[in-house]
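Values below: every heavy atom of this structure, side chains too, minus hydrogens, waters and symmetry copies.
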Amino acid sequence: MTFLDMLRDAATRNQSMLCVGLDPEPTRFPAGMQGDVRRIYDFCAAIVDATADLVCAFKPQIAYFAAHRAEDQLERLMQHMRCNAPHVPVILDAKRGDIGSTAEQYAKEAFERYGADAVTLSPFMGFDSIEPYLAYHGKGAFLLCRTSNPGGDDLQAQRLASVEGQPLLYEHVARQAQGPWNKNGQLGLVVGATYPQEIERVRALAPTLPLLIPGVGAQGGDAAATVRAGLRADGPIIVNSSRAVLYASGGADFAAAARNAAQATRAALNAARA
């Protein structure tokens with residue numbers, strides 16, 4: 001199955017637009033694990049097991065593993081998800097952005113070493129920095145478009161005087177991703193939930209692309225506004241929540257609390273669909 005096939009299947013099977021982001025911070029782990037970087041896998045695997053029937057995707061953020069020399073634990077986690085939640089696609093949040101042979105190596109890391117179904121990328125260096133990922137048939141690539149951080153305005157909200165119509169940079173990225181760059185139907189876009197008007201604008205420019213939308217939960221994005229702005233019959237959305245799910249409890253019941261938080265978020269998203 002391609003990434004898009006897996007996404008549609010998981011969204012239908014689990015009645016979900018929710019993606020749980022796996023951003024393990026050992027200092028926030030529950031008692032008995034707190035501060036122990038050797039327990040990153042254990043913590044994340046427990047979250048996966050508690051939420052696998054509630055999500056349309058999982059999104060491990062590679063920096064939270066690499067910073068603790070825990071890439072081996074990420075490899076184990078990817079295998080765990082393959083064995084215990086094989087119907088749920090995994091988006092490796094890496095935000096890579098380089099050209100030529102270096103991009104080929106990053107693509108190999110994401111899709112061969114870790115076995116991800118999709119990866120996040122920065123399009124700043126242009127199409128030749130994205131193309132090596134598209135050589136992996138059926139894999140997905142989400143381009144940063146209109147991100148949820150305030151500093152995104154520094155570049156993404158600037159006009160391109162040399163492009164017809166003088167679009168904002170994020171509008172140009174959306175058009176390129178919907179059009180000439182999306183040669184094999186593998187591209188999607190990252191748009192922050194804190195900017196619902198921009199989500200709507202991106203959706204108008206890229207009506208069929210899957211949108212990965214972080215920022216619901218701890219970052220303050222509104223679930224209902226996100227769904228109204230981004231969801232279309234032929235344009236899926238993947239709404240990510242990380243900290244609000246992962247750290248719903250600091251006690252031994254952390255996995256059960258994560259499940260409850262995921263259920264509540266899924267319900268809020270589905271209610272907005274109606």
Side-chain angles (χ1 to χ4, degrees), residues 3-4 6-23 47-48 50-61 81 85 87-93 95 117-120 140-149 152 170 174 177 187-204 206-248 258-274:
F3 167 73
L4 284 176
M6 291 185 70
L7 176 64
R8 293 187 189 102
D9 179 67
T12 299
R13 182 186 302 198
N14 291 346
Q15 289 296 291
S16 182
M17 294 173 274
L18 174 64
C19 171
V20 168
L22 300 169
D23 303 355
I47 298 292
V48 166
T51 61
D53 62 333
L54 302 174
V55 301
C56 67
F58 287 114
K59 184 175 71 67
Q61 164 47 258
M81 288 187 282
H87 62 291
V88 178
V90 180
I91 303 167
L92 184 66
D93 194 357
K95 298 182 178 70
D117 300 297
V119 66
T120 59
F142 286 87
L143 310 184
L144 300 179
C145 181
R146 184 62 176 107
T147 57
S148 58
N149 61 306
Y170 83 84
L187 294 183
L189 295 167
V190 180
V191 188
T194 49
Y195 297 111
Q197 289 183 324
E198 280 84 350
I199 296 174
E200 192 167 8
R201 177 60 176 155
V202 169
R203 179 49 83 203
T208 64
L209 297 191
L211 301 183
L212 175 59
I213 307 178
V216 166
Q219 290 180 262
D222 180 80
T226 295
V227 173
R228 287 194 298 268
L231 183 65
R232 300 294 182 270
D234 55 352
I237 61 174
I238 306 163
V239 183
N240 183 79
S241 182
S242 299
R243 286 170 286 175
V245 173
L246 299 185
Y247 308 114
R259 179 174 180 80
N260 290 338
Q263 283 180 314
T265 305
R266 182 184 69 162
L269 294 169
N270 286 340
R273 184 206 302 264

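The line from CZ of R259 to CG of L54 is 4.5 Å long, rounded to the nearest 0.5 Å. One distance of note links CD of Q263 with CG of D53; it measures 7.5 Å at 0.5 Å rounding. From L212, atom CG reaches atom CG of L7 across 10.0 Å, with rounding to the nearest 0.5 Å.
Applying the side chain to side chain contact (heavy atoms under 4.5 Å, CB included) test between I199 and each of L211, L189, L231 identifies L211 as the sole match.
Residues N240 and Q61 are not in side-chain contact: their nearest non-hydrogen atoms beyond the backbone lie 4.5 Å or more apart. No side-chain heavy atom of E200 sits under 4.5 Å from any side-chain heavy atom of R228. T265 is not listed as a side-chain neighbour of V20, based on a closest heavy-atom distance of 4.5 Å or more. Annotation: side chain of D222 is not in contact with side chain of P196 (no heavy-atom distance under 4.5 Å). Side-chain contact between D23 and R243: absent, with no pair of heavy atoms (C-beta onward) separated by less than 4.5 Å. Inter-residue side-chain proximity for R203 and V191 is flagged as unmet; no heavy-atom pair is nearer than 4.5 Å.
Annotation for V88 and F58: closest pair CG1-CD1, 3.6 Å, computed over non-hydrogen atoms. Taking every heavy atom of both residues into account, A177 and L143 meet most closely at CB-CD1, 4.2 Å. When all heavy atoms of C19 and C56 are compared, the closest pair comes out as N-SG, 4.5 Å. When all heavy atoms of P214 and S148 are compared, the pair lying nearest together is O-CB, 4.5 Å. Taking all atoms of both residues into account, the shortest heavy-atom contact from A223 to A272 is O-CB, 4.5 Å. The two residues I238 and A57 make their nearest non-hydrogen contact at CG2-CB, 4.2 Å.
Checking side-chain atoms of D93 against main-chain N and O of K59 turns up no donor-acceptor pair under 3.5 Å. Side-chain atoms of R266 come within 3.5 Å of backbone N or O of N14 as a donor-acceptor pair. Of the possible donor and acceptor atoms, none in the side chain of R146 sits under 3.5 Å from a partner among the backbone N and O of Y170.
With no hydrogens or angles considered, no side-chain donor-acceptor pair links T208 and D234 at under 3.5 Å.
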Inset, instruction - Could you check L22 against M81 for side-chain contact (heavy atoms from CB on, under 4.5 Å), going step by step and ending with a plain yes or no? - result: CA-CA 12 Å; L22 300 169; M81 288 187 282; 4.1 Å; yes
